[in-house]
Undergrad: 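Would you mind keeping the following structure in view while I ask a few things?
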Amino acid sequence: MTTKVGVVVFPGSNCEQDVVEAVDTIGGSGELLWHKDSGLGDVDAVVLPGGFAHGDYLRTGAMARFSPIMDAVERFAREGGPVVGICNGFQILTEAQLLPGALYKNRGLKFLCQPTMLRVNSTGSILTRDLSIGDELNIPINHFEGNFICSEQVLAQLRDKDQIVLTYQDNPNGATADIAGISNENGNVVGLMPHPERAAHPLLGSTDGASLLRGLISSG
C-alpha cells in the first residue's frame with residue numbers, strides 16, 4: 001500500500017511542490033493540503049514544508065501556528081502520526097509547541113544557502129529509523145533563522161531522551177550544540193532546518209535526503 005503524505009501549503013510556502021515530487025520519486029504519494037482545511041483527510045503522514053508562511057511578518061511560524069489545519073496536525077501528532085517540519089515547517093512546529101526550543105537569526109545575520117554535511121545522531125526518529133548513528137549526509141540549507149536555541153534544561157532533556165536527530169559537522173548558523181534537527185520524545189514528530197527534498201535525486205548533487213524521506217514513507 002502506498003504511503004500518502006499530506007504536504008501543508010501556507011500562504012508564502014515555496015517548497016511544497018519539491019516535497020511532493022521527492023515523495024513521489026521514492027515511492028510515496030504526495031498530496032497538497034491547504035492551511036484553511038479543517039482536517040487531514042486520509043493521509044498517513046504530514047509534512048510542513050519550507051518557505052515563508054504568512055510572510056514571516058510577525059515571527060517565523062507564529063501566524064501559521066494558528067492556521068485552521070494546525071489543530072488537525074496537532075491531534076494527528078499527539079496520536080502518534082508521523083509529522084515532519086522542514087525549515088519554516090520546523091519553526092512552525094516549535095511555535096505550536098510540538099517541539100521544544102526556538103529558531104533564531106543565524107550567527108552573523110546572514111542568509112545561508114549552501115550544502116551542509118550532517119551527522120545522524122539518533123535512530124529513534126521517523127526520519128532516521130533506517131540509518132545508523134554516525135552516518136554522514138550531504139543536504140543543503142536555505143535559511144536566515146535557522147539558529148536553534150534552547151535553555152540548558154531543554155538541551156539536557158534533548159540529550160537524555162535521545163531527541164537530537166541530526167547535527168551539523170561544521171555549524172553554519174550558530175545553533176546550540178550543532179543541532180540541525182530534533183524530535184519529540186516519541187520520535188514521530190521531527191523538525192529539521194536542512195532540506196531533504198533538495199537532495200533526493202542524482203541531478204540535485206546528492207540523494208542523501210531520500211534516505212530520510214524513505215524513513216517517513218516507511219513509518220506512514
Side-chain angles (χ1 to χ4, degrees), residues 1-103 125-127 142-143 145-146 181-198 200 209-210 212-220:
M1 182 175 178
T2 302
T3 299
K4 184 180 292 187
V5 179
V7 183
V8 179
V9 182
F10 299 93
S13 297
N14 59 22
C15 298
E16 64 273 10
Q17 296 290 352
D18 295 343
V19 175
V20 168
E21 183 172 349
V23 166
D24 290 349
T25 297
I26 62 174
S29 176
E31 175 181 315
L32 297 180
L33 304 174
W34 184 231
H35 78 115
K36 287 188 176 181
D37 293 344
S38 59
L40 302 176
D42 61 349
V43 301
D44 304 300
V46 174
V47 173
L48 308 184
F52 303 91
H54 295 278
D56 288 345
Y57 289 125
L58 175 61
R59 186 176 65 246
T60 53
M63 295 174 68
R65 179 261 176 274
F66 292 102
S67 287
I69 201 169
M70 287 304 297
D71 288 337
V73 171
E74 291 176 33
R75 287 194 301 271
F76 184 72
R78 299 193 191 285
E79 291 170 359
V83 176
V84 173
I86 301 171
C87 197
N88 193 210
F90 185 6
Q91 296 160 342
I92 295 169
L93 289 177
T94 61
E95 287 288 343
Q97 298 185 357
L98 288 172
L99 290 175
L103 283 305
S125 81
I126 53 173
L127 288 187
N142 186 59
H143 60 245
E145 298 186 42
I182 62 172
S183 73
N184 64 349
E185 288 189 35
N186 293 329
N188 67 296
V189 179
V190 179
L192 69 164
M193 288 311 299
H195 286 263
E197 78 279 8
R198 299 186 183 183
L212 294 176
L213 295 175
R214 286 192 190 97
L216 175 65
I217 297 301
S218 66
S219 67

Undergrad: Do you know which two heavy atoms are closest between Ala72 and Ser38, and how far apart they sit?
TA: CB-O, 3.8 Å

Undergrad: Considering residues at least two apart in sequence or located in another chain, which fulfil the side chain to side chain donor-acceptor pair (under 3.5 Å) criterion with Ser67?
TA: His35, His54

Undergrad: So, do Leu192 and Val84 sit near enough that their side-chain heavy atoms are less than 4.5 Å apart?
TA: yes

Undergrad: Does the pair Phe52 and Asn14 meet the rule for a side chain to side chain contact (heavy atoms under 4.5 Å, CB included), with working shown?
TA: CA-CA 7 Å; Phe52 303 91; Asn14 59 22; 3.6 Å; yes

Undergrad: Using every non-hydrogen atom in the two residues, find where Met70 and Ala64 come nearest and quote the distance to one decimal.
TA: CG-O, 3.3 Å

Undergrad: Holding to side-chain contact (heavy atoms from CB on, under 4.5 Å), I want the full list of residues that pass it with Val23, two or more places apart in sequence or in another chain.
TA: Val5, Val19, Ile217

Undergrad: Kindly indicate whether the side chain of Glu74, heavy atoms from C-beta on, has any atom under 4.5 Å from the side chain of Val83.
TA: no

Undergrad: Which residue is it: Val189, Val8, Leu216? I am looking for the one with a side-chain contact (heavy atoms from CB on, under 4.5 Å) to Val46.
TA: Val8

Undergrad: What is the minimum heavy-atom distance between Thr94 and Pro100, and which atoms define it?
TA: CG2-O, 3.8 Å

Undergrad: Could you state the interatomic distance from CG (Asn186) to OG (Ser125), rounded to the nearest 0.5 Å?
TA: 12.0 Å

Undergrad: Minimum heavy-atom separation for Ala22 and Leu213, please, with both atom names.
TA: CB-CD1, 3.7 Å

Undergrad: Apply side chain to side chain contact (heavy atoms under 4.5 Å, CB included) to Gln17 and Glu197, showing your working.
TA: CA-CA 10 Å; Gln17 296 290 352; Glu197 78 279 8; over 6 Å; no

Undergrad: Could you state the interatomic distance from CZ (Arg198) to CG (Asn142), rounded to the nearest 0.5 Å?
TA: 4.5 Å

Undergrad: Could you measure the distance from the OG atom of Ser13 to the CG atom of Leu32? Nearest 0.5 Å is fine.
TA: 10.0 Å

Undergrad: Where do Arg75 and Leu40 land on the side chain to side chain contact (heavy atoms under 4.5 Å, CB included) test, with the steps shown first?
TA: CA-CA 10 Å; Arg75 287 194 301 271; Leu40 302 176; over 6 Å; no

Undergrad: Please report the interatomic distance OG1(Thr2) to CG(Asp24), rounded to the nearest 0.5 Å.
TA: 9.5 Å

Undergrad: Check whether any side-chain N or O of Asp37 sits under 3.5 Å from a backbone N or O of Ile69 as a donor-acceptor pair, and report yes or no.
TA: no

Undergrad: Measure the CG-CD distance between Asp44 and Glu31 for me, rounded to the nearest 0.5 Å.
TA: 10.0 Å

Undergrad: Between the side chain of Asn88 and the main-chain N/O of Ala53, is any donor-acceptor distance below 3.5 Å?
TA: yes

Undergrad: Quick check: closest heavy atoms across Ala210 and Ile26, and the distance to 0.1 Å?
TA: CB-CG2, 4.0 Å

Undergrad: Nearest 0.5 Å, please: how far is CD in Glu145 from CE in Met193?
TA: 8.5 Å

Undergrad: Closest heavy-atom contact between Cys15 and Pro49?
TA: C-CB, 4.1 Å

Undergrad: Examine distances only and state if a side-chain atom of Asn188 and a backbone atom of Ala77 form a donor-acceptor pair shorter than 3.5 Å.
TA: yes

Undergrad: Side chain to side chain contact (heavy atoms under 4.5 Å, CB included) for Leu103 and His143? Distances and angles first, verdict last.
TA: CA-CA 10 Å; Leu103 283 305; His143 60 245; over 6 Å; no

